[in-house]
Every structure is written in structure tokens, then in C-alpha cells.
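What follows is a single structure, written as C-alpha cells, with notes after it.
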Amino acid sequence: MLGKDILDALRVPPGKRIRLKDYDTGWAQTKELKSLGKEAAKEQAKVILQKNLEELATAQDLLYADDRYAVLMILQAMDAAGKDGTIKHVMSGVNPQGCQVFSFKKPSAIELNHTFLWRSMICLPERGRIGIFNRSYYEDVLVVKVHPELVNQKLPAGKRGKSFWQARYDDINALEQHLVNNGTVILKFFLHVSKDEQKRRFLERLDRPEKNWKFSTSDIAERAFWESYMEAYEDALSATSTEWAPWYVVPADNKWVTHSVVADLLTSTIRSLDLSYPEVTDAQRRALADARTKLIDEDE
Ligand code: AMP
Ligand code: MG
């Protein structure tokens with residue numbers, strides 16, 4: 001399992017204004033890791049990932065049987081930071097019946113007829129399930145803040161300044177508090193990739209025919225707004241990292257780091273819940289014994 005010092009360093013402290021440049025996108029997160037060296041750190045991360053994936057399968061089974069908690073995992077990031085790959089790797093060992101993935105794109109006309117939280121509300125995980133949001137209602141304080149012309153034109157007229165965005169952060173915090181109060185555990189990951197690594201991954205998408213489909217020309221257009229995005233992320237992460245739903249800034253320049261951190265936090269969070277398999281009552285035990293007798297008697 002990853003050290004508490006690493007996880008603490010990645011958690012955005014509630015109520016604190018953070019700067020993303022204070023968060024490393026690479027692999028050498030602690031002095032210990034640095035002295036270990038990259039190859040050894042990578043080997044260690046792979047072992048941690050493997051162990052977590054095995055434990056995640058068991059933890060998910062118990063979450064499903066217990067049927068009281070839901071887990072909502074939110075992934076936000078710049079393009080090519082590795083959201084899709086993280087979902088693919090981290091969820092590779094879990095029972096598909098116990099998890100649900102939803103991706104949020106540019107809102108449809110129907111979605112724009114509702115408030116910005118609505119489309120996510122109808123996709124929330126039910127008890128016993130792990131729900132993954134590949135992007136989320138946070139887009140409405142990220143891409144929409146970077147491009148204010150994307151603010152829903154159907155909203156009643158009003159100021160679109162600081163208080164407008166603050167009201168959205170407040171709504172998000174209140175919603176997440178409501179979910180947590182009612183048994184949904186929330187994990188929020190910002191996959192923190194560097195601008196250089198994004199360039200490298202874009203070039204790979206352009207140079208490798210089988211990866212071309214992953215590239216969209218708008219990716220380059222959005223890259224030009226990098227600084228505005230970083231500011232929007234800093235504002236959002238600072239305003240919405242709470243005791244009940246903290247943000248984690250996950251280093252994303254190396255996929256092995258991203259996958260091991262996300263798997264570790266997901267697994268340890270589920271394991272920390274007071275889960276148990278439903279108990280069989282005496283009456284149920286008698287009914288099971290009866291059923292058994294009936295099945296055996298069929299042969300005679
Ligand atoms: P991808 O995840 O690469 O398929 O891209 C989805 C695109 O939809 C991204 O560029 C997002 O920024 C965009 N998107 C998601 N939610 C919203 C939203 N509420 N308003 C505008 N654009 C959005
Ligand atoms: Mg994309």
C-alpha cells in the first residue's frame with residue numbers, strides 16, 4: 001500500500017488555496033522515492049497496483065453484498081492526461097455488474113433544459129455500486145469558466161462574475177455533502193499532467209495511425225488555454241476540496257504512478273467502510289436446510 005505521507009501530500013487540504021505548480025506531475029513524490037530511483041519506484045508501484053487490484057475485487061464484492069454504501073469516483077483532467085486508461089486499468093479486475101461508468105461531453109439540448117447538476121444526478125451510483133464519472137458537473141466550473149460563452153444561454157440574466165462561480169462551488173459542496181450524508185462515498189481525482197507530457201502524448205496520437213482517432217483538432221485549440229485551465233482548476237480544487245469529499249492531485253506524467261495511486265485510494269477507501277456480508281437468520285437457515293432436503297429428495 002502507498003505510504004500515508006504520499007497520500008497526504010496529494011490530498012488538497014480543505015479550505016486552503018492551492019497552486020498547481022506546487023504539485024509535482026512526475027514520479028519522485030517523496031525523498032524516499034527519489035533515493036529509490038525511477039526503475040525501482042516503478043517496480044514497487046506495479047506490485048502495489050497488482051495487490052490493490054486483487055483486493056479491489058474482494059472489496060467490491062463485499063460493497064455489493066453489504067448494499068448500504070455507494071462509491072462515486074470522479075475523474076477530471078486536461079486532455080490526454082490518462083482518464084480512459086486509468087478507468088481501464090483500475091477497473092480491470094472488478095465484476096462489471098458492480099460498477100458503472102459515465103462520460104460527460106458537451107451538454108445536449110435536453111441537458112441544457114435542466115440545471116447543470118441534473119445530468120449527473122440521474123447517473124449517480126446506487127447502493128452497492130462503484131460509479132465512475134469520466135468528467136462530471138465540474139466541467140461547468142472548468143471548461144465553462146475558461147469559455148464563459150458556454151454558460152447556458154437559457155439561464156436567467158444576471159451577473160457572471162465571481163459570485164456566479166462561487167454559487168456553483170457552493171451548490172457542488174452542498175450536493176456532495178448530501179450524498180455523503182446518505183451513504184455515497186466520494187473520491188475526486190485530478191490527473192495532473194504537465195504541458196510537455198501532453199505535447200508528447202498528442203504527438204504520439206498523431207504519429208501512430210491506431211491512435212489517430214483519439215485526437216481531436218479541438219485538443220490543440222484547448223491546449224492554447226492551458227494557463228486559464230490551470231487557474232480554473234486551482235479555483236475549483238481550492239473551493240471544493242472538503243472534509244467530506246476531498247480532491248486528490250494525482251501525478252499523471254507516468255501512467256504507472258497514476259494507476260497505482262488511484263487503485264490504492266479506491267481500494268483503501270472501500271476497505272475502510274464498515275462492510276459485512278448479510279447475516280443469515282435462524283429462520284433463513286432453516287429455509288436453506290429445507291431447500292437442500294427438497295433438492296436431494298428429487299433424486300429418489
Ligand atoms: P472527451 O472527454 O475527450 O470526449 O471530450 C469531451 C468534451 O466535452 C471536452 O472537451 C469537455 O470539456 C466537453 N464538455 C464536457 N462537459 C461540458 C460542459 N458542461 N460544457 C461544455 N463542454 C463540456
Ligand atoms: Mg478528448
Side-chain angles (χ1 to χ4, degrees), residues 20 72-91 100-124 131-156 158 160 164-173 175-176 188-193 195 197-206 208 210-237 239-240 247 250 252 255 258 262:
L20 281 170
L72 173 63
M73 179 167 125
I74 295 180
L75 291 170
Q76 286 289 156
M78 296 297 283
D79 289 309
K83 289 187 274 86
D84 294 346
T86 300
I87 296 170
K88 185 164 127 185
H89 278 86
V90 174
M91 305 313 287
Q100 309 151 327
V101 185
F102 294 96
S103 299
F104 296 94
K105 317 255 177 198
K106 244 174 127 42
S108 68
I110 292 175
E111 288 166 351
L112 289 171
N113 269 332
H114 294 271
T115 74
F116 79 98
L117 291 172
W118 177 79
R119 65 174 177 163
S120 303
M121 293 308 91
I122 54 176
C123 298
L124 285 169
I132 301 173
F133 283 2
N134 182 346
R135 303 186 191 271
S136 64
Y137 44 83
Y138 279 99
E139 289 293 322
D140 289 274
V141 291
L142 295 165
V143 63
V144 180
K145 193 168 185 216
V146 171
H147 301 287
E149 67 275 15
L150 293 178
V151 170
N152 192 347
Q153 293 302 309
K154 294 196 167 184
L155 273 180
R160 296 289 184 259
F164 177 78
W165 302 108
Q166 188 56 51
R168 287 197 165 185
Y169 303 138
D170 292 345
D171 285 345
I172 289 173
N173 287 340
L175 163 75
E176 291 180 350
K188 304 188 289 196
F189 299 115
F190 168 60
L191 307 193
H192 188 26
V193 75
K195 202 175 175 190
E197 179 61 18
Q198 189 197 51
K199 179 176 176 173
R200 208 189 58 72
R201 292 184 190 174
F202 277 171
L203 285 173
E204 196 181 348
R205 288 180 180 183
L206 291 167
R208 304 217 343 227
E210 75 280 13
K211 290 207 169 186
N212 283 172
W213 67 273
K214 279 209 138 194
F215 190 84
S216 136
T217 46
S218 70
D219 289 350
I220 290 292
E222 290 316 295
R223 179 174 164 82
F225 291 93
W226 187 275
E227 293 312 318
S228 307
Y229 271 105
M230 290 305 109
E231 271 175 41
Y233 269 106
E234 284 173 353
D235 290 346
L237 267 52
T240 61
W247 273 104
V250 183
K255 291 175 181 170
T258 315
V262 172

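Every number for a ligand or one of its atoms is a count from 1 in the order of the listing.
- Close approach to Pro107 involves these atoms of ligand 1, each under 4.0 Å from a residue heavy atom: 17 (C), 18 (C), 19 (N), 20 (N), 21 (C).
- Judged by the shortest distance from any of its heavy atoms, Arg119 lies inside the 4.0 Å radius around the atoms of ligand 1.
- With a 4.0 Å cut-off on non-hydrogen atoms, Val144 touches ligand 1 through its side chain and not its backbone.
- Taking a cut-off of under 4.0 Å to the non-hydrogen atoms of Asp140, the atoms of ligand 1 that pass are 19 (N).
- Residue contacts with ligand 1, taken as heavy atom pairs separated by less than 4.0 Å, involve Arg135 solely via side-chain atoms from C-beta onward.
- For Glu210, the salt bridge (Lys or Arg N to Asp or Glu O under 4.0 Å) test picks out Arg208, with sequence neighbours left out.
- To the nearest 0.5 Å, atom OG1 of residue Thr86 and atom CG of residue Leu75 are 6.5 Å apart.
- Partners of Tyr137 according to the ring pair (Phe, Tyr, Trp, His ring centres under 6.0 Å) rule, which considers only residues two or more places apart in sequence or in another chain, do not exist here.
- Relative to the ring axis of Phe116, Arg168 places its NZ or CZ within 45° and under 6.0 Å from the centre.
- Ionic pairing of Asp79 and Arg135 is present here: one or more N-O contacts between side-chain nitrogen and carboxylate oxygen are shorter than 4.0 angstrom.
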